[in-house]
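See below for the structure under consideration.
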There are 2 protein chains.
Amino acid sequence: MCIDCAEQRPLLAHPLPFTNVMSHQPSSTPHRILSAVPLASSAQAPIPRGGRELDKFFKALSDQTRRSILRLLRHRELSVGEIVGNFRLSQPTISRHLSVLKEAQLVTDSRSGQHVMYRLSPEELARGAGRFFIHFDECQDLLTRG
Amino acid sequence: MCIDCAEQRPLLAHPLPFTNVMSHQPSSTPHRILSAVPLASSAQAPIPRGGRELDKFFKALSDQTRRSILRLLRHRELSVGEIVGNFRLSQPTISRHLSVLKEAQLVTDSRSGQHVMYRLSPEELARGAGRFFIHFDECQDLLTRG
DNA sequence: TGAACCTCCGACCTAGCGGTTATGAGCCGC
DNA sequence: GCGGCTCATAACCGCTAGGTCGGAGGTTCA
């Protein structure tokens, strides 16, 4: 699926390695040329493909509690009870935050006896970020070169 | 300011080049050691420093319209009217989205006669991303190596 | 099987977000 | 200065998000 349009022409691989998003054009020559004047009333808002996934991705990251949970899971998996012990919030609240993170595929879970263990999905973190920052050449430079 | 604590000991430069965040510890040896058992009731939720800025950053990015505005501004600055012309939304709605983006420092504006021109701040995009992903070694690898 | 434990789900409340219309403030040309 | 264009702000409204509590469901173990 082209990230810039819905055409079915052959796709070019994108120079950035950490994403599988592809376009018909190399990133330095944008596919959509913006007109200086407002588009006609029939114009669609330029919603990029994959917006739903990016919504989930950034919505999940836009809450401080959820970001803290991700940081807790940096180096090893934890059960729900262990995560709850690090916050002042109730267990159902943490459980719902975890379901949001799981919905965004930022964490995965598995049952281990009585406990449900949660662990980070760092590749999904990188993939989501890549899918967005792919649109910003200068950002790519800053992120990849420093 | 250390990203892991509030101590005033000398700071180490972080190996990642695209951020000025520094810690007392290299990234492979986390500053906070997590206990396997829940912390005491007096434990604070592990809110990282700079959470307010990250809140603004991800909240600004968590809306599809705002992401579309950022993509519109990829290659040249635009006036409010030009931006409005690319959406089905009213001018005050777009104006408020722009103020959210400006609050998050993702765009800057300047008056040019009757018009107010908005342009991207790609370095802030990269800085915000860096400030977050600095906590995830595997992500860093994926983002910087591919 | 029944008790104890861990986790998730449903109902509910409140706050904030994203949308609208109406109005006000800043520049321009006449 | 006045009228018109451009943009920001205020007031309002509906919906979603995030918090609580109570209870259901699944697992372990005696």
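Quick note on labels: first sequence line is chain A, next is B, and so on, each numbered from 1.
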Below the 4.0 Å mark, does C/dG19 have OP1 or OP2 next to a side-chain nitrogen or oxygen of B/Thr93? no
Taking the side chain as every heavy atom from C-beta outward, state whether B/Tyr118 and B/Thr108 have any atom pair closer than 4.5 Å. no
Which label fits A/His135 and A/Phe132: parallel for a plane angle under 30°, tilted from 30 to 60°, or perpendicular past 60°? perpendicular
A/Leu101 has an atom CG; how far is it from atom P of D/dG18, in whole Å? 11 Å
Could you tell me how far apart A/Asp63 (CG) and D/dT16 (C1') are, to the nearest whole angstrom? 14 Å
Exercise: do A/Thr93 and A/Ser90 side chains pair donor with acceptor under 3.5 Å: yes
With a 4.5 Å heavy-atom cut-off, do B/Leu120 and B/Leu106 have their side chains touching? no
Looking only at side-chain N and O atoms, does A/Arg119 offer a donor or acceptor that is under 3.5 Å from a partner on A/Ser110? yes
For B/Leu98 and for A/Ser62, locate the closest nucleotide of DNA chain D by heavy-atom distance; then report the residue assigned to the nucleotide nearer the 5' terminus. B/Leu98
What nucleotide, of C/dT7, D/dG18, C/dG18, holds the atom closest to the side chain of B/His97? C/dG18
Quick one: which of C/dT20, D/dG18, D/dT20 gets closest to the side chain of A/Ser90? D/dT20
Check the phosphate of D/dT6 against B/Arg111, side-chain N and O only, distance under 4.0 Å to OP1 or OP2. Yes or no? no
Nearest-nucleotide check on DNA chain C, A/Lys59 vs A/Ser99; residue mapping nearer the 5' end is A/Ser99
Over how many whole Å does the gap from A/Asp55 atom CG to C/dG18 atom P extend? 10 Å
Rounding to a whole Å, what distance do you find between A/Gln64:CD and D/dG19:P? 11 Å
Any side-chain N or O of B/Tyr118 under 4.0 Å from OP1/OP2 of D/dA8? yes
Nearest listed nucleotide, side chain of A/Pro92, among C/dC27, D/dG18, C/dC9: C/dC9
State which of D/dT27, C/dT7, D/dC5 makes the closest approach to the side chain of A/Gln114. D/dT27
Is a donor-acceptor contact shorter than 3.5 angstrom present between the side chain of A/Gln91 and the base of C/dC8? yes
What is the distance from CZ of B/Arg88 to P of C/dT20, rounded to the nearest Å? 12 Å
Tell me whether the side-chain N/O atoms of B/His115 come closer than 4.0 Å to OP1 or OP2 in D/dC7. yes
Roughly, in whole Å, what's the span from CE in B/Met117 to P in D/dA8? 12 Å
Do A/Arg96 and D/dG18 share a donor-acceptor pair, side chain to base, under 3.5 Å? yes
May I have the distance from B/Asp109 (atom CG) to C/dG26 (atom C1'), rounded to whole angstrom? 14 Å
Can you see which heavy atom on A/Leu78 is nearest to which on A/Leu72, and at what distance? CD1-O, 3.8 Å
In whole angstroms, how far is the P atom of C/dT21 from the CD1 atom of B/Ile94? 14 Å
Side chain of B/Thr65 only, please: which of D/dA8, C/dT21, C/dG19 is the nearest? C/dG19
